[in-house]
Number of protein chains: 2
Amino acid sequence: MTTSRIPEATIARLPVYLRALTSMADSGASTCSSEHLAAVTGVSSAKLRKDLSHLGSYGTRGVGYDVAYLRYQITRELGLSQDWPVVIVGIGNLGHALASSSGFRSRGFSTVALLDADPARTGQEVAGLAIRPFADLTDVVVENGAGIGVITTPALAAQEVADAMVAAGIRSILNFAPAVLSVPETVLVRKVDLATELQILAYHEQRQGPGEEPVDDLLAGVAAEVETA
Amino acid sequence: MTTSRIPEATIARLPVYLRALTSMADSGASTCSSEHLAAVTGVSSAKLRKDLSHLGSYGTRGVGYDVAYLRYQITRELGLSQDWPVVIVGIGNLGHALASSSGFRSRGFSTVALLDADPARTGQEVAGLAIRPFADLTDVVVENGAGIGVITTPALAAQEVADAMVAAGIRSILNFAPAVLSVPETVLVRKVDLATELQILAYHEQRQGPGEEPVDDLLAGVAAEVETA
DNA sequence: GAGTGTGAACGTATTCACAGCC
DNA sequence: GGCTGTGAATACGTTCACACTC
């Protein structure tokens, strides 16, 4: 335990830093400056240094950060030193995709069960796991000590699933269904909503107007680095 | 055009309000208060009113908001009165799921092409569209006047795809690949990252400790409304 | 009375700029 | 000289509380 309170915005960026550091380590880099890590992750160097300062003073003035050590500290802070069992409910196209996704197989998480209320799906095997009936949720959660649940059901089923997850002991929910979930305040819900993301893009499309001409030169894509202006 | 600048945080919530209003309209409600809409969407009523005030004064004091009219105004503000052509590059499990997803079929968007660099995939039909070779990108974008692109490729291919999209005239990108994209500042990129979301949940799991006991009573799930304490 | 719209207060996040250390 | 760590300044977002309208 370091400083017991790290800003939410910082937490959300730590995974990005972590990924970049892992990639650097794989490339054999042993040290890196805030300037470099910031450029690679698309944030400003000042923001990066502030973020890292919340974890402690792990850099060396005049030198930079030790890649391996910083990586270890972020891993530790995020709680990724141990493995977190995850259950996924709703194995349609999206649930199927997530179960097979590299995001779930990355270090720190293991999918322990796939559940679906549709009897036609139960028994089918996806990503090496047999789909089990939704009614097995509590058993599965208790047996595996799962604390994280993913909801990839239609919107109408989402609240029922969330209630069952909470009752079973799930404390963190990642919700892909376009529904607002009500849960006890001790349970954390994060929402990923495809339609919302597209609508935000539509807003910006409308604002900057569909008037711009396409850039013909492929090299133009390299012209500007994000947040380095 | 109303007030030319609406806060980013507000924009991100408008789609949620829109969905709730649509659902209310379907239920036959003709009017609603900020209190009610706030409860349904999980925000505070003060925040909701401030958000809506950025669009203009569309409410009636002592009464509330006209559901249909407010819905129309939000639709208009988000630019959803017209249809936005979307191209998806990378038709693996996730791309497949998104192409079939209701999020893309919801009013305002139409998937005009699915592209993949893998010759083994081109020609296959997904959600009623034949997968085309990645090399067709520029043609497809120009022909359909597409301004929005979705990237669901592996991380290594993402930057190349983004460059090609920008060169073809795409101005808004939704990136599902775990990679930081560099694009001209005129292009908007929004990122959805599964691994990051899970890692944020892991952080909170670790903090509140895996010590809590499961709640046995199903009804406990209904105990507390989010943000209504 | 009921409920919106909004200035003012508060809290959080980002940027700046530089002191301090290697 | 180079680069981190951090107070101070600024920008942004949320909450409060109430004037104003129907």
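Below, read A as the first sequence line, B as the second, and so on, with proteins coming before strands; counting in each chain starts at 1. The structure presented is a predicted model; accordingly, all values stated were derived computationally and were not measured. As a basis for the values below, the full set of heavy atoms in this structure was taken, side chains included, without hydrogen atoms, waters or symmetry mates.
Scanning for ring pair (Phe, Tyr, Trp, His ring centres under 6.0 Å) contacts around Tyr69(B) gives Tyr58(B), with sequence neighbours left out. Taking the side chain to side chain donor-acceptor pair (under 3.5 Å) definition, one finds that Ser45(A) meets it with nothing, sequence neighbours left out. Every residue was checked against the salt bridge (Lys or Arg N to Asp or Glu O under 4.0 Å) condition with Asp66(B), not counting sequence neighbours, and none meets it. Shown here are the side-chain contact (heavy atoms from CB on, under 4.5 Å) partners of Ala179(A), two or more places apart in sequence or in another chain: Ala155(A), Ala158(A). Partners of Arg13(B) under the salt bridge (Lys or Arg N to Asp or Glu O under 4.0 Å) rule, at least two apart in sequence or in another chain, are Asp51(B). Residues forming a salt bridge (Lys or Arg N to Asp or Glu O under 4.0 Å) with Arg71(B) (at least two apart in sequence, or on another chain): none.
Atom CG in Leu55(B) sits roughly 14 Å away from atom P in dT4(C) (whole-Å rounding). When rounded to the nearest whole Å, the span between NZ of Lys47(A) and P of dG5(D) equals 18 Å. The separation between Asp51(B) atom CG and dT6(C) atom P is 13 Å, rounded to whole Å. For the pair Leu48(B) CG and dT4(C) P, the interatomic distance rounds to 8 Å; values are reported in whole Å. As rounded to whole Å, 11 Å separates atom P of dG5(D) from atom OH of Tyr58(A). His54(A) places its NE2 atom 10 Å from the P atom of dT6(D), with the value rounded to the nearest Å. Atoms CG (Leu52(A)) and P (dT6(D)) sit 12 Å apart, rounded to a whole Å. Rounded to an integer number of Å, the gap from Glu8(A) CD to dT14(C) P is 12 Å.
For Lys50(A), taking side-chain heavy atoms from C-beta onward, the closest of the listed nucleotides dA13(C), dG7(D), dG7(C) is dG7(D). Relative to the side chain of Tyr65(B), the nucleotides dA13(C), dT4(C), dG13(D) differ in distance, and dT4(C) lies closest.
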When the side chains of residues 24-32 of chain A are checked against the rest of the protein, which donor-acceptor pairs come out under 3.5 Å, sequence neighbours left out?
{"from": "Ser27(A)", "atom 1": "OG", "to": "Ser23(A)", "atom 2": "O", "distance (Å)": "2.9"}
{"from": "Thr31(A)", "atom 1": "OG1", "to": "Tyr65(A)", "atom 2": "O", "distance (Å)": "3.0"}

side-chain hydrogen bond (donor to acceptor under 3.5 Å, both in side chains) evaluation trace for Ser81(A) with Arg76(A): CA-CA 6 Å; Ser81(A) 316; Arg76(A) 191 179 140 77; over 6 Å; no
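The shortest side-chain heavy-atom distance between Asp193(B) and Arg19(A) falls under the 4.5 Å cut-off.
Of the residues in residues 11-35 of chain A, those with a non-hydrogen atom less than 4.0 angstrom from any atom of DNA chain D are Ser33(A), Ser34(A).
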Contact pattern, 5' to 3', of nucleotides 17-22 of chain C - B, S or - by protein heavy atom under 4.0 Å: B-BBBB
